[in-house]
Structure formats: structure tokens, C-alpha cells
Amino acid sequence: MSAPVRVRFAPSPTGQPHIGNVRTALFNWLFARGRQGKFIVRIEDTDQTRLVPDAVEGILDGLRWLDIDWDEGPEVGGPYGPYFQSERLDLYQEAARGLMEGGHAYNCYCSPERLQEMRKQQMKEQKTPGYDRCCLNIPAQKLREYKDEGRVPVVRFKMPDPEEITVQDIIRGEVSWRSELLDDFVILKSDGFPTYHLANVLDDHDMEISHVLRAEEWLPSTPRHLMLYRALGLEPPLFGHLPMILGPDRSKLSKRHGATSILEYKEMGYLPKALTNFMALLGWSLDDRTEIMDRRTLVENFSLDRVVKSGAIFNREKLDWMNGVYFRNMSPEELTERILAYWEEFPASQILRPLDRGYLMRIAPLIQERLKTLRDASGLTSFFFQSELVYEPQELVQKGMDLKTTSAALEQALSTIDSSVTFDAETLEERLRALGSELDLSGRQFFGLLRVATTGSKVSPPLFQTMEVLGRDRCSHRISKAIEALAAS
RNA sequence: GCCCCCAUCGUCUAGUCUGGUUAGGACGCCAGCCUUUCAAGCUGGAGAUCAGGGGUUCGAAGCCCCUUGGGGGCACCA
């Protein structure tokens with residue numbers, strides 16, 4: 001009988017979350033959902049100097065967009081709150097006091113300048129930088145001086161005597177460190193706020209977190225956390241260090257790798273389902289072939305023993321492909337709604353407003369298998385919304401044709417279109433094909449010409465369906481204009 | 001500099017625990033088919049001496065050792 005699964009995503013509101021952060025959240029979420037566990041969001045806002053306004057909102061919006069819901073945390077609350085560390089300061093201060101009383105921590109009055117100088121010196125001597133325990137035993141006299149000067153101390157954790165510290169990492173197996181290589185790190189800052197180490201350890205315990213699943217960059221701080229748990233007399237949770245998401249140069253993902261905020265992926269036109277499917281595959285796999293998976297499949301099959309150890313480069317081209325797969329698997333209705341919602345949020349200048357759902361409903365199927373991102377939709381459909389096209393005469397004239405034959409073909413097509421009783425793709429194809437062979441033009445020539453005349457471009461959705469959606473009047477008008485453009489050239 | 005982690009096609013990965021088919025799949029790339037364009041789809045192809053070197057073994061991508069390479073960490077940041 002094991003304890004219930006309780007995992008958390010603990011972002012720091014110092015900016016917008018990127019793919020790496022969110023992938024960590026996703027793995028935690030998948031793990032919780034697959035094991036009837038709880039997924040908790042905790043905001044680690046202990047650095048007052050780096051707080052970014054609206055960062056919390058951005059983080060939560062990102063999670064919401066991807067349908068990663070949390071059982072406890074901001075907005076929803078929960079029995080282990082508050083879920084903002086800035087609202088739990090007394091807990092940390094009390095714990096720090098307890099550690100000091102138990103001889104596991106001490107006050108340090110060293111100035112930032114001295115510490116910096118010390119590190120500089122250590123680096124120069126090619127030694128591992130670390131606190132020199134200058135304040136471990138401060139003489140009473142000195143202590144009085146510090147207090148008279150009004151100096152405010154930090155609290156440092158006192159590393160115990162040399163020993164081997166070992167963690168059984170769920171993903172990496174056994175990892176050990178020598179404690180003497182770790183220094184007396186700060187647990188409580190002079191502003192009364194805890195550092196990450198203290199707050200994280202205390203909260204994970206208080207919130208009864210069962211598994212700490214975090215990025216590999218935290219692996220080196222795990223021995224410190226283990227030491228803290230022991231000094232505090234607390235049972236540590238299980239740890240699993242997830243592989244990192246790397247930039248194209250294989251280094252840690254950062255601002256300089258370009259578009260990193262998760263909400264930018266929304267703006268770039270990716271579908272949340274496609275993006276989560278893709279992220280799930282960054283460091284995890286179901287088997288040797290399954291790639292397209294819905295939420296349920298992901299939740300039911302996700303397991304930590306299939307998470308790889310090595311970092312993964314984020315590959316946009318494959319995401320584009322996968323996004324396209326999701327478009328193709330959609331119903332035309334859903335596709336229409338998606339495009340509509342996207343244009344609503346990110347208006348495109350080429351698209352006529354107000355948006356007409358019925359019209360778009362007829363257009364959407366024509367671009368469905370051509371779409372990679374929602375952002376592409378406006379470029380692919382703009383000619384449906386423009387009232388007048390601009391023609392390049394040389395684009396109208398097809399290979400093996402000239403101005404005269406082009407004009408003549410357009411005249412003929414115009415009368416065919418105008419005289420056609422019905423105006424649907426099937427009829428149009430039948431009649432225009434007949435006309436094409438009558439004019440002794442290849443499909444490439446004749447339909448290419450009509451395509452440019454009706455859509456203004458050499459590339460478009462299938463011609464006859466496109467014409468049907470455009471309607472007789474518009475097609476007729478556009479072809480006349482094309483004839484005029486030819487005449488004027 | 002010190003500590004830790006990692007290492008299979010360009011990229012994401014399967015296979016490693018429990019040595020034994022031409023090392024499998026996907027993206028991308030190339031070619032062909034389909035075709036009114038672009039896509040999509042279908043078929044085929046190129047692409048990994050499993051980082052390198054030593055062992056162990058009848059047999060090593062897999063087990064052991066060494067080396068190299070890459071990454072992460074060493075703050076009153078998380």
C-alpha cells in the first residue's frame with residue numbers, strides 16, 4: 001500500500017514559461033492523472049527582486065490553454081494552502097529558527113561584497129567556490145558590533161560532517177555525492193524570505209508531495225535537499241529528474257533560442273492537443289511506433305520507466321507535421337470553429353470582417369489538408385475575402401500560350417460560366433474540361449489560367465470547388481477583370 | 001577548476017534491465033505514382049561501423065573498465 005500520488009508544478013513567476021517548463025508540468029500532470037493522484041500548482045515567488053508582473057497569469061493561461069488542470073493551487077485553493085510561497089513566510093522562518101536551535105543552521109553576517117571577493121579568490125586558486133564558514137563561530141564581541149551596526153544576517157544551513165549522500169532517482173537510478181563538497185548554503189535571506197532550497201523542501205513535505213518530478217538541472221541540489229529533510233526530521237519524497245529540453249545548439253533552452261513562451265505557440269497557430277502530444281514524445285515514448293495519441297491514451301500509458309535520460313532538442317518541423325495531422329483528423333465543423341476563434345483572437349488584415357461562419361464553413365474543408373498552423377489559414381484563404389484581385393499578366397499567360405490565346409480562352413470560359421445552369425464543382429469540371437479540349441489546351445494550361453484568374457495565384461485549393469464557393473458572380477467578375485488586365489498590358 | 005548527469009540515423013526515438021534476425025519507427029530529405037497548382041495520400045530510397053578504445057563471451061548497441069564528447073550545477077536566482 002503506497003501513499004497516494006501527489007505531484008506538483010512549482011514555477012517561479014519570473015517570466016513566461018517555455019516549452020521546457022511546460023513539458024515538466026505535463027509529465028507531472030500525466031503521472032497524476034494516470035495514477036488517480038493530485039496535480040498541484042505552487043508559485044515559488046520567493047525572489048522579490050525578480051518578480052515579473054502578470055507572470056503568474058501567463059503561467060496559468062499557458063496551462064489552461066493546454067488543458068492541464070490542477071487540483072490545488074492558485075484560484076482553486078486547496079487543503080494545503082496557501083499555494084504562494086510569499087504567503088507562507090512564517091512557516092519558513094519558524095523552520096529556520098528550529099534548525100538554528102538544533103545546531104543545524106547559523107546566522108551569517110558576511111556582506112555580499114565579502115562573499116563575492118571570497119568566490120573570486122577561490123576561483124583564482126582553482127578551488128570550488130563555497131562559503132568559508134567565516135560566521136560559524138562569531139565571538140560575542142563581534143556579534144555585538146554587528147548588531148549595533150544594524151546588520152541583518154542570513155541563515156545558513158550547516159552541512160554535517162563528511163559523508164556520502166545518495167538518492168535513488170526514479171529515472172537515473174542511484175546518484176551519490178560527497179557532503180564535504182557542498183557548502184553551507186543560505187536558507188533564509190536577509191529580507192526574511194527563504195531561498196528555494198528551504199521553501200521547496202518544507203512545502204513539498206507540508207503539501208504531502210509524493211514524487212518530485214523536476215528538470216535535470218535540479219539534480220545537483222538534491223543532496224542539499226536531502227540534508228535539509230534529515231535535519232528537519234522529515235521523510236523526503238521520491239525524486240525523478242527529467243531530461244531537459246535543449247535548444248538547437250544543445251544548450252539549455254533560453255530566451256536567445258527565440259520564441260519560447262508557451263503562449264507564443266498559441267499565437268503561432270498550434271493546436272493544444274497537437275502540442276501536448278508532441279511534448280509528451282520529448283523524452284517519453286509509448287513503444288517503437290505509436291506517435292499520434294489522444295489525451296486518454298497518453299494518460300493511460302504514461303509511465304516514468306519509459307522516460308529517457310538524455311536531453312532532447314525541440315524540433316519545430318516535426319511539430320508542424322503533427323499539427324497538420326491534427327487538422328486533417330478534425331471534422332470540418334471543428335476546423336471552422338478553430339479558425340474562427342483564432343482570427344477572433346489574432347485578427348489577420350487580409351480577412352474581411354465581420355467573420356461569416358457559414359462562408360468559412362464552406363472554405364475550411366478546402367484548406368484542411370494544406371494547413372500546418374492556424375496562422376497559415378489567412379494566407380491560404382485571403383482571395384476568398386478580397387473584393388478585387390491584382391493580376392500579373394505574365395502569371396495569367398501559361399506556358400505555350402500567348403496574350404491572344406489566353407484572352408480568347410478566358411472569353412470562352414466566361415461565356416461557359418455565365419451560361420451554365422448550375423454552378424457547382426461537378427458541373428463546372430465537366431463543362432470546363434470539355435471547353436479545354438475544344439480549345440486544344442492541356443489541363444495544366446487551361447486550369448492554371450483559370451486558377452490565376454479566379455484566385456489571383458498560381459497556388460490554390462482545387463479549382464472547381466474553389467470556384468463553387470466563390471460563386472458565379474465573383475468568378476465571372478474576376479475573369480472579366482483578368483481579360484481587362486491582359487488587354488491593358 | 002570541482003561535482004553530477006548523459007551518449008543509437010541531421011532530429012525525436014525503439015531495442016539495453018533478461019547479450020543471439022539485414023539495429024525498427026517517425027520528422028525532415030530524395031525519387032516515383034496520383035494529379036488542374038499546392039498540399040495530402042501511396043510506394044521506394046539515401047541516412048546510425050549503436051561516440052572511441054580495450055576487455056568478458058561461441059556471440060556485445062546491450063555487461064565491465066578506460067578515454068572522448070556534450071550537457072547541467074557550483075548566488076542573500078529559482
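Quick caveat: nothing in here was measured; it's all calculated off a predicted structure. Below, chain A is the first sequence line, B the second, and so on; all start at residue 1.
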Every protein N/O within reach of nucleotides 4-7 of chain B N/O, cut-off under 3.5 Å:
unit_1, atom_1, unit_2, atom_2, d
C5(B), O2', Arg172(A), NH1, 2.6
C5(B), O2', Glu216(A), OE2, 2.9

- request: Could you tell me whether Ser285(A) contacts a base, only the sugar-phosphate backbone, or nothing, with contacts defined as non-hydrogen atoms closer than 4.0 Å?
  value: sugar-phosphate
- prompt: Has Arg289(A) got a side-chain N or O lying under 4.0 Å from the OP1 or OP2 atom of A14(B)?
  reply: no
message: Quick check on C76(B): is either OP1 or OP2 less than 4.0 Å from any side-chain nitrogen or oxygen of Ser190(A)?
response: no
message: Taking the six-membered ring for Trp, are Tyr196(A) and Trp218(A) closer than 6.0 Å centroid to centroid?
response: yes
query: Is there a Watson-Crick or G-U wobble partner for G10(B) with both distances under 3.5 Å, and which nucleotide is it?
result: C27(B)
task: Remember a base hit wins even if backbone is also touched, and classify Pro248(A) as base, sugar-phosphate or nothing at under 4.0 Å, heavy atoms.
output: nothing
- request: Would you indicate what Leu463(A) reaches in the nucleic acid, counting non-hydrogen atoms under 4.0 angstrom: base, sugar-phosphate, or nothing?
  value: base
query: Are any of Lys189(A)'s side-chain N or O atoms less than 4.0 Å away from OP1 or OP2 of A75(B)?
result: no
- prompt: When all nucleic acid strands are considered with a 4.0 Å heavy-atom cut-off, which category describes Arg328(A): base, sugar-phosphate, or nothing?
  reply: sugar-phosphate
statement: Ranking U37(B), G25(B), G1(B) by distance to the side chain of Pro129(A), first place goes to G1(B)
- line: Against the side chain of Arg370(A), the closest entry in G71(B), A39(B), A78(B) is A39(B)
- prompt: Taking OP1 and OP2 of C76(B), is either one under 4.0 Å from a side-chain nitrogen or oxygen of Arg156(A)?
  reply: yes
message: Taking any heavy-atom pair under 4.0 Å as a contact, classify Phe278(A): base, sugar-phosphate, or nothing.
response: nothing
field: Shortest side-chain distance from Val459(A), nucleotide among U11(B), U13(B), U37(B)
entry: U37(B)
Any residue of residues 180-188 of chain A with a heavy atom less than 4.0 Å from an atom of RNA chain B: Leu181(A), Val186(A)
- prompt: Val308(A) near the nucleic acid: base, sugar-phosphate alone, or nothing, with a heavy-atom cut-off under 4.0 Å?
  reply: sugar-phosphate
query: Within the pair Arg306(A) and U13(B), is there a side-chain N or O less than 4.0 Å away from OP1 or OP2?
result: no
- prompt: Counting any heavy atom closer than 4.0 Å, what does Thr46(A) reach on the DNA or RNA strands: base, sugar-phosphate only, or nothing?
  reply: sugar-phosphate
query: Would you say a side-chain N or O of Arg119(A) is under 4.0 Å from OP1 or OP2 of C2(B)?
result: no
task: Assign Pro243(A) to base, sugar-phosphate, or nothing according to its heavy-atom contacts below 4.0 angstrom with the strands shown.
output: nothing
message: Please classify the nucleic acid contact of Cys108(A) as base, sugar-phosphate, or nothing, using heavy-atom distances under 4.0 Å.
response: nothing
message: Under 4.0 Å, heavy atoms only, any strand: does Met244(A) hit a base, just the sugar-phosphate, or nothing?
response: sugar-phosphate
message: Considering every strand and a 4.0 Å limit on heavy-atom distances, what is the contact class for Gly283(A): base, sugar-phosphate, or nothing?
response: sugar-phosphate
